Amino acid sequence: MPRKEPTEGTDGWDGEGSPRRRKAVRYAVPVAVAGLAAATIGLVPAFAGSGSPDLPKISAQDLIAKMAKSDVQQLSGTVRASADLGLPSLPGGAGGAGALGGGKGGDGGSADPQSKLMQLASGAHTLRVAADGPDKQRVSIVDKAAEYSLVHNGNEVWGYDSGSNTAFHHTAPEAGKHGKQQAPKDLPKGLQNATPQDLAKQALQAAGDTTSVTVDGTAKVAGRDAYQLLIKPKQTASTVGSIRIAVDAANGVPLKFTLTPKSGGAAAIDVGFTSVDFAKPAASTFAFTPPKGAKVVKGDEAGATAQREHGKDGAHGKDMKAVTKDIGGLNVLGKGWTSIATIKGDGSGLPSGKGEGKGKGSGGDAAAFLDSIGDKVHGSFGSGRVFSTRLVNALVTDNGTLYVGAVDKQALIDAANAAK
């Protein structure tokens, strides 16, 4: 099987900027852990089904080639997604994922795609998806009391939250002298890429000498025959146990995705089609007009609203790129499944809670929160705390340096010792 070099780096981290805001550093630990865990939702294609159809034998190499050659760009269907990443709760009772959301209520934040992407990092959700090539996608998150829809049609992007009757609107500029339109690049990739084949490619990027890839039987998914591709890290320090992708036997489209932690238990990410149709969706699927009386917020205005709601210096309302820009430069250690991202701190260390005030949202609350979820560790690097989810662990040293990755605690300590 051809080897592919793993991508080093983490989407959304650009390593630019300097540690100008102490508060951003102090809140960065839970934000980084939650954000990186949520970013694994980018590995999401789709699944659901039962049965083991009798299909011709196929090698892992040929199955991967079948996926790569798949040219399906039109589909519609219903997806059931669940995530059990073990994210911590932030001060004030907000969930780790929700605190990254960037605004609530009727000022536009509830319709901002950034906030909706973070909601997918925990719990179970039903989504309706449709795609017609790279310029037309629609994703709707269906909850009991409301529905959120993100519609991309050419250079227009709409986000609409029925609960607050609020719409988010973004228009992309023309690209190039030929006037070709493009989707806004600042929208969450997990919601931009509605087709599962784009998402499955990310899971296969590490399929080199650090990975075992085999075909492990067949399955019936959303009424379609599928092969099961089993991906397992060879690196023992990885927190990932296995990734299982069900691949449509007829057209090579990934239909099911299950990521199980090495620690066992329920799947950390379990996303898949319950129904799927590869016919061309109706053009009306991608048309959107705000309902009468809806509050319409432009994309840049929604970002400004979120910043006002959560404070100019806070990490709330920011995406991971903005947070890491505040923290400092990014470096990536290792490769494959045990890559560790490091961010140098400003030397201010972990918040002590002394002299920071005791009001809600103060540094004192942040310190108490970090103490409650972090395990104290020591090494030749000094001391620090490890913060854990079921997949992503983070070590922040007492001088403020952050080590984070889908690796076990000892791997983070070893990396910090080696960097001393």
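Treat the numbers as computed from the prediction; the structure is a model and nothing was measured.
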* Asked: Please walk me through it: do V377 and L412 pass side chain to side chain contact (heavy atoms under 4.5 Å, CB included)?
  -> CA-CA 10 Å; V377 295; L412 295 174; over 6 Å; no

* Asked: Closest approach of K66 and A249, non-hydrogen atoms and distance?
  -> CE-O, 2.9 Å

* Structure fact -> In this structure, CD of Q74 is separated from NZ of K136 (nearest 0.5 Å) by 9.5 Å

* Structure fact -> Here the salt bridge (Lys or Arg N to Asp or Glu O under 4.0 Å) pairs for residues 233-249, sequence neighbours left out, are D216-R244, R224-D248

* **side chain to side chain contact (heavy atoms under 4.5 Å, CB included) partner of Y403, chosen from T397, I343, N331, V396** => T397

* Structure fact -> Here the gap from I141 atom CD1 to E147 atom CD, rounded to the nearest 0.5 Å, amounts to 9.5 Å

* Asked: Are any of the side-chain heavy atoms of P261 and T239 separated by less than 4.5 Å?
  -> no

* Atom of V221, atom of F273 and distance for their closest heavy-atom approach -> CG1-O, 4.2 Å

* Evaluate the side chain to side chain contact (heavy atoms under 4.5 Å, CB included) criterion for residues V404 and F387: first the C-alpha distance (whole Å), next the side-chain angles of each, then the deciding distance (0.1 Å), finally the verdict. => CA-CA 9 Å; V404 62; F387 305 89; over 6 Å; no

* Test item: side-chain donor near acceptor, T166 and D161, under 3.5 Å -> no

* Asked: Does NZ in K262 sit with more than 12 non-hydrogen atoms of other residues, nucleotides or ligands closer than 6.0 Å?
  -> yes

* **Non-hydrogen atoms of P134 and H152 that approach each other most closely** => O-CE1, 3.4 Å

* To do: Indicate yes or no: at least one non-hydrogen side-chain atom of L150 is less than 4.5 angstrom from one of V157.
  => yes

* Structure fact -> Residues R138 and S140: closest non-hydrogen pair is NE-OG, 3.7 Å

* Atom CD in E156, atom CG in D135: separation rounded to 0.5 Å? -> 12.5 Å

* Structure fact -> d(L395 CG, D375 CG) to nearest 0.5 Å is 11.0 Å

* Structure fact -> Rounded to the nearest 0.5 Å, the CG atom of L63 sits from the NZ atom of K57 at a distance of 13.0 Å

* Asked: Which atoms form the tightest heavy-atom contact between R390 and A267, and what is the distance?
  -> NH1-O, 3.8 Å

* Asked: Does some side-chain heavy atom of I413 sit less than 4.5 Å from a side-chain heavy atom of F381?
  -> yes

* To do: Please name the pair of heavy atoms, one in L127 and one in A81, separated by the smallest distance, quoted to 0.1 Å.
  => CD1-CB, 3.8 Å

* For residues N155 and T171, is any side-chain donor paired with an opposing acceptor at under 3.5 Å? -> no

* How would you list, by chain and number, every residue that makes a side chain to side chain donor-acceptor pair (under 3.5 Å) with T338, sequence neighbours excluded? -> Q235

* Asked: Considering only heavy atoms from C-beta outward, does the side chain of I269 approach that of L85 to under 4.5 Å?
  -> yes

* **Pairwise side-chain contact, S388 with K409, heavy-atom cut-off 4.5 Å (strictly under)** => no

* Asked: Have R80 and T126 got a donor and an acceptor in their side chains that come within less than 3.5 Å?
  -> yes

* Parallel, tilted or perpendicular: rings of W158 and H169 (30°, 60°) -> parallel

* To do: With T258 as reference, evaluate I243, L230, I245, D270 under the side chain to side chain contact (heavy atoms under 4.5 Å, CB included) test and give the passing residue.
  => D270

* Asked: F286: what forms a ring-ring contact (aromatic ring centres under 6.0 Å, His included) with it, not counting sequence neighbours?
  -> none

* Asked: Given the rule in the side chain to side chain contact (heavy atoms under 4.5 Å, CB included) test, do V240 and L391 qualify, once you have shown the distances and angles that lead to the verdict?
  -> CA-CA 7 Å; V240 175; L391 282 179; 4.2 Å; yes

* Asked: Does a donor on one side chain sit under 3.5 Å from an acceptor on the other, for S383 and D398?
  -> yes

* Among V139, V129, T274, the one residue meeting side chain to side chain contact (heavy atoms under 4.5 Å, CB included) with V79 -> V129

* Starting at CG of L333, measure out to OG1 of T342 and round the result to the nearest 0.5 Å. => 5.0 Å

* To do: Would you indicate whether the side-chain heavy atoms of V297 and F168 approach each other to under 4.5 Å?
  => no

* Asked: Are any side-chain N or O atoms of S212 and backbone N or O atoms of K232, one a donor and one an acceptor, separated by less than 3.5 Å?
  -> no

